[in-house]
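All of these numbers come straight from a predicted model, not from anything done at the bench.
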Amino acid sequence: QVHLVESGGGLVQAGGSLRVSCAASGRTFGNYALGWFRQVPGKEREFVAAISGSGGSTRYADSVKGRTTISRDNAWNTVYLQMNSLSAEDTAVYYCAADFQVYSRPPSGLASDYDYWGRGTQVTVSS
């Protein structure tokens with residue numbers, strides 16, 4: 001069982017940067033790939049970025065590639081999402097999710113592969 005709590009959301013101006021964090025409970029944090037997804041009302045949840053349990057492999061959505069970095073600190077059971085050059089299209093609730101990995105593999109971009117989810121943190125970008 002993994003309990004995920006997101007933080008760091010808020011209001012930011014277009015062109016600005018924001019880092020959201022996700023703290024996880026549990027003693028086997030390194031066995032979980034962590035992903036970030038986002039959702040706006042009326043739309044499906046969208047993949048943003050993911051990182052493998054070891055942190056050695058990452059995956060990004062094309063919409064954020066080059067301006068977003070996912071990282072993790074396994075000593076602190078925390079995963080981060082650093083977002084730069086934000087635009088109004090980035091406005092959404094951002095969710096952290098965990099996918100248990102028996103063997104190390106590249107992280108998935110599919111929401112259905114993730115077993116545990118946080119409650120989300122709102123990111124609003126003003127234009």
Side-chain angles (χ1 to χ4, degrees):
Q1 189 80 15
V2 176
H3 183 59
L4 304 169
V5 179
E6 301 93 338
S7 62
L11 178 65
V12 62
Q13 288 189 330
S17 298
L18 191 69
R19 188 178 79 162
V20 291
S21 303
C22 174
S25 66
R27 293 176 290 180
T28 58
F29 183 69
N31 291 133
Y32 288 86
L34 277 296
W36 285 97
F37 293 78
R38 64 188 182 187
Q39 190 169 24
V40 298
K43 292 189 176 182
E44 292 189 357
R45 196 163 291 190
E46 175 191 23
F47 170 70
V48 178
I51 188 168
S52 63
S54 67
S57 179
T58 57
R59 183 192 297 267
Y60 295 93
D62 289 342
S63 59
V64 304
K65 197 175 295 183
R67 61 185 183 91
T68 298
T69 303
I70 187 170
S71 60
R72 65 189 294 160
D73 187 337
N74 285 356
W76 290 97
N77 283 14
T78 302
V79 61
Y80 306 97
L81 186 71
Q82 174 70 44
M83 298 180 289
N84 304 317
S85 302
L86 288 163
S87 69
E89 286 69 37
D90 296 311
T91 295
V93 177
Y94 283 72
Y95 296 91
C96 175
D99 171 25
F100 181 73
Q101 295 187 320
V102 177
Y103 301 103
S104 180
R105 54 176 168 81
S108 171
L110 298 176
S112 58
D113 285 338
Y114 288 80
D115 307 302
Y116 303 99
W117 292 82
R119 299 184 69 175
T121 185
Q122 176 70 48
V123 173
T124 302
V125 183
S126 63
S127 57

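- At least one side-chain heavy atom of S52 sits less than 4.5 Å from a side-chain heavy atom of Q101.
- Separating the OH atom in Y80 from the CH2 atom in W36 is a distance of 10.5 Å, to the nearest 0.5 Å.
- To the nearest 0.5 Å, the span separating CD on Q39 from CD on E44 amounts to 8.5 Å.
- Using modelled atom types, no side-chain atom of D99 and backbone atom of P107 make a donor-acceptor pair closer than 3.5 Å.
- Residue D90 holds its CG atom at 7.0 Å from OG1 of T68, rounded to the nearest 0.5 Å.
- When atom types are taken as modelled, the side chain of E6 and the backbone of C22 share no donor-acceptor pair closer than 3.5 angstrom.
- In terms of hydrophobic clustering, with Ile, Leu, Val, Met, Phe, Trp and Tyr side chains grouped at heavy-atom distances under 4.5 Å, V93 and Y116 are assigned to different clusters.
- In terms of heavy atoms, V40 sits closest to A92 at CG1-CB, 3.7 Å.
- Grouping the Ile, Leu, Val, Met, Phe, Trp and Tyr side chains by contacts below 4.5 angstrom, directly or via other members, places Y94 apart from W117.
- Taking every heavy atom of both residues into account, S71 and V79 meet most closely at O-CG2, 3.1 Å.
- Atoms CG and CZ, on L34 and F29 in that order, are 4.5 Å from each other to the nearest 0.5 Å.
- Summarising the geometry, atom NZ belonging to K65 is positioned 9.0 Å from atom CZ belonging to R59; distances are rounded to the nearest 0.5 Å.
- Hydrophobic clustering, with ILVMFWY side chains joined whenever heavy atoms are under 4.5 angstrom apart, keeps I70 apart from F47.
- When all heavy atoms of G30 and R72 are compared, the closest pair comes out as CA-NH2, 4.1 Å.
- Contact record, Y32 with A98: CD2-CB, 3.8 Å, taken as the closest heavy-atom pair.
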Original post:
Taking it one step at a time, do R38 and V64 satisfy side-chain contact (heavy atoms from CB on, under 4.5 Å)?
Top reply: CA-CA 12 Å; R38 64 188 182 187; V64 304; 4.1 Å; yes

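- The shortest heavy-atom contact between Y114 and G35 is CE2-N, 3.6 Å.
- Under the 4.5 Å side-chain contact rule for hydrophobic residues, V2 and V20 share a cluster.
- Side-chain contact between S63 and E89 is absent, with no heavy atoms from C-beta onward closer than 4.5 Å.
- The backbone N or O of S7 lies less than 3.5 Å from no partner atom in the side chain of T121, so there is not a single donor-acceptor pair.
- With values rounded to the nearest 0.5 angstrom, Q13 atom CD is found 5.0 Å from S126 atom OG.
- Nearest heavy atom pair, residue A49 against residue L81, reads CB-CD1, 3.9 Å.
- I51 and L4 fall within the same hydrophobic cluster, where Ile, Leu, Val, Met, Phe, Trp and Tyr residues are linked whenever their side-chain heavy atoms come under 4.5 Å apart, directly or through other members.
- At least one donor-acceptor pair closer than 3.5 Å links the side chain of N74 to the backbone N or O of G53.
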